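Structure first, commentary second.
First the proteins, then the strands, lettered A, B, ... as listed; each starts at 1. In this text, all values refer to a predicted model and were calculated from it rather than measured experimentally.
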Protein chains: 2
Amino acid sequence: MATISDVAALAGVSTATVSRALNGKPTVAPDLVARVLAAAAELGYRPNGLARSLRRQVTAVVALVISDVENPFFTAIARGVEDTAQAAGYSVMLCNADEDAVKERQYVDAAVQERVAGVIISPTGTPATAAALLDSGTPVVAVDRPLAGARCDTVLVDSRLAATQATEHLIAQGYQRIGCVTGPAGVPTADDRLAGYHDGIAAAGRRVSQRLVRRCEYKAAGAERAGESLLGEREPPDAILVGNSVMAVGVLKALARGALRPGRDVGIVSFDDAPWATLVDPPLTVVAQPAYEIGTLAADMLLARIGTRGDEPKTATLNARLLVRGSSRRH
Amino acid sequence: MATISDVAALAGVSTATVSRALNGKPTVAPDLVARVLAAAAELGYRPNGLARSLRRQVTAVVALVISDVENPFFTAIARGVEDTAQAAGYSVMLCNADEDAVKERQYVDAAVQERVAGVIISPTGTPATAAALLDSGTPVVAVDRPLAGARCDTVLVDSRLAATQATEHLIAQGYQRIGCVTGPAGVPTADDRLAGYHDGIAAAGRRVSQRLVRRCEYKAAGAERAGESLLGEREPPDAILVGNSVMAVGVLKALARGALRPGRDVGIVSFDDAPWATLVDPPLTVVAQPAYEIGTLAADMLLARIGTRGDEPKTATLNARLLVRGSSRRH
DNA sequence: TTGAAAGCGCTAACAG
DNA sequence: CTGTTAGCGCTTTCAA
């Protein structure tokens, strides 16, 4: 592949002039610019981004590490990050940690080593990964979940409040035994949603039964088993709060297997307004998180942080909206 | 951030020794290795990947450029690519071209400039982008769609055959006026699916009516309008073949708005077995493409190509499977 | 306005 | 087994 020296030789100028011409510096004579451009085109010259970044000590790439590419919530965040970052001239390198702390660590290390301009991450992982990221000095914004034991810019949604509202809604609908299927212990969103569920139950003067709570990976398969187990209880729930839309797929399958109808037999509210939520029958009541806005806001915060490293970390907490549809109405 | 010289100074050795020690070369005395490791740890040293790649003339990153992150088909491919590439020691940089030729071009240029080891792409774009990629000498594998006017390793699915089979299935079910909603003209998968639909109609000795065909972006919104327009025809279709699962969301919404029930009122077959396909009522009949396998196979081909540049481009064509469910059964 | 030259951080000959 | 040195391709002083 042609280098800047090849272009310089062909154009009969120095590499410095080629560099200046190609970077649109105003201090190059027009005819030289033309010669350089012609030579570059003839050779099919593509500047080496590695060399450029090494020299300039900056890259125009931000990494976005998400915990599950197959979750529409995270892909919507990705769209938001992308739109904002691209408008500012950055490429977005999307990395799928797949809810796996090891993969996450690999991606974080790779991003740091490639000296990306910044990292937006929905952390799956351990304090060690968080520390590695922070210590590197790379600007970081955490989304969806706080970065374990570390202070950095953060964009969250008030999951706990939203879960409380969802639970209160189910109670208001007359459901008596409300269950909850949420993510693994230690994952902040999963814990928050469970806490909010507790809040809602308690606010109604009822007691939480551990028999009505299931925790598993934020995946459909686990949620399906959890749903089946819940429905197999001696006194099964008549409503379920589900931790995200991927899990909702599993829980709805479990209901279908038991020939139970959402709403009428078992009230269902799930986090995340997936594209298919209105297609199921009855339509799924959801807690809609502003995923795209999370992405744009996180990207804005990251760009600001890349600009000015100094100031205090900020946390933005957005609100979710309960969209009541048929799956949580008894009639 | 600490550099290799800082580590060398602290350990009291040369940078060469640091490099060798850190890269596990066997020719370093154990005590020096220990000193180097200690120094690196103390300084929180992170090797600069840019410098390393520049020097070595290779990167351990492959780019995957997909046409829509919000389409489960592509995210499943991404999972396949990732699993295979990571096992071989590569990071995967996922780029979302969003069915936009301009974005795609930006990502391809960025990938080439960052000197990634290889690119896997589901091309949205123009021959110019394809040429830019091929000319760069970067190993390339095209997935889902061939790279416009360019010869390279390719992994496809026989969409046309699958569309024919889906159409024949609808005919066998007794549907009389079968329509088709597919992607934009010029997108190979969209054209193939339409061609297969034609094949199926023709094989039954029927004539294709242009009034029953709609083409639009591979997006839900467009497909919803297309569905409404189709159902608004004076003689509307009694069955529809839908180009992908994102579009199926739109078409099903259009049906719901018209109070039409899939299967009974309008038979539906869609490409791609989305996670929610069995949750709708009746369950959606789909043409299931082996998305994950496309990803693993493409990654295998890319890794082989990175190893040995020389040989002839290969094309692998996988088969899709028709999964008959309720939405295409009249009873 | 242009060129010569240094150097970003690292690896790989080549000597010793 | 270790150090010296050159150089990957680019940008950016510093001189001219």
Name the closest nucleotide to the A/Ser14 side chain, picking from C/dA4, C/dT11, D/dT12.
C/dA4
Quick one: is A/Asn23 getting a side-chain N or O under 4.0 Å of the D/dT11 phosphate, OP1 or OP2?
yes
For B/Leu32 and B/Arg55, take the nucleotide of DNA chain D holding the closest heavy atom to each; which residue's nucleotide lies nearer the 5' end?
B/Leu32
Where do A/Ser122 and A/Ser67 land on the side chain to side chain donor-acceptor pair (under 3.5 Å) test, with the steps shown first?
CA-CA 6 Å; A/Ser122 66; A/Ser67 27; 3.0 Å; yes
Choosing from D/dT12, D/dC10, C/dG9, which nucleotide comes nearest the side chain of B/Asn48?
C/dG9
Donor-acceptor pair present, A/Arg20 side chain and C/dG3 base, under 3.5 Å:
yes
Categorize A/Leu50 for me: base, sugar-phosphate, or nothing, with a 4.0 angstrom heavy-atom threshold over every strand shown.
nothing
Taking only the side-chain heavy atoms of B/Val13 (C-beta and beyond), determine which of D/dG3, C/dT2, C/dC8 contains the nearest atom.
D/dG3
In whole angstroms, the gap separating P of D/dC1 from CG of B/Asp31 amounts to 11 Å
Expressed as a whole number of angstroms, how long is the span from A/Arg46:CZ to D/dC8:P?
21 Å
Whole-Å distance, A/Met1 CE to D/dC8 C1', equals 14 Å
Quick note, B/Gln57 side chain, CB onward, closest among D/dC8, C/dC10, D/dC10 is D/dC8
Among C/dG3, D/dC10, D/dT11, the nucleotide that comes nearest once only the side chain of A/Thr17 is considered:
C/dG3
Just call it for A/Ala29: base, sugar-phosphate, or nothing, with non-hydrogen atoms closer than 4.0 Å on any strand.
sugar-phosphate
